[in-house]
Colleague: 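I am attaching a structure below and will ask some questions about it afterwards.
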Amino acid sequence: MASKGNGGSYRSAKSGRYVTKAFGKSHPRTTVKEAPGKSGSTGGSYRSAISGRFVTAKHGKANPGTTVREK
């Protein structure tokens, strides 16, 4: 598992857990690279593992295998 404070960690869309950089790069459709923002929080929004973009809560809940809820 990767540590959260490394400046750009990867998280699995399937399990919600942080994974290693190698795993994240080898599974780009089901992992999200997280980079810390200026405030350090995204407020509980959803991000697509496929596009890397933020998506609506409705889309995030309907597609749990390819989206990650960011805290």
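Remember, predicted model here, so these are calculated numbers, not experimental data.
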Colleague: If the test is side chain to side chain contact (heavy atoms under 4.5 Å, CB included), which one of Ser12, Ser9, Ser26 qualifies with Val19?
Modeller: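 Filter result, single survivor: Ser12.
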
Colleague: For Ile50 versus Arg29, what's the shortest heavy-atom pair and its separation?
Modeller: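 Taking every non-hydrogen atom into account, CD1-NH2, 3.6 Å.
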
Colleague: Could you measure the distance from the NZ atom of Lys21 to the OG1 atom of Thr31? Nearest 0.5 Å is fine.
Modeller: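 With rounding to 0.5 Å, NZ (Lys21) is 12.5 Å from OG1 (Thr31).
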
Colleague: Rounded to the nearest 0.5 Å, how far apart are OG1 of Thr56 and NZ of Lys61?
Modeller: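 So the gap between those two atoms works out to 10.0 Å.
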
Colleague: With heavy-atom distances below 4.5 Å as the criterion, would you say the side chains of His27 and Tyr10 are in contact?
Modeller: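 The answer is no; the side chains never approach within 4.5 Å.
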
Colleague: To check you understand the geometry: which heavy-atom pair defines the closest contact between Ala13 and Ala49, and what is its length?
Modeller: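 Minimum heavy-atom separation between Ala13 and Ala49: CB-CB, 4.1 Å.
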
Colleague: Has the side chain of Arg11 got a donor or acceptor atom that lies under 3.5 Å from a matching backbone atom of Arg69?
Modeller: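 At least one qualifying donor-acceptor pair exists.
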
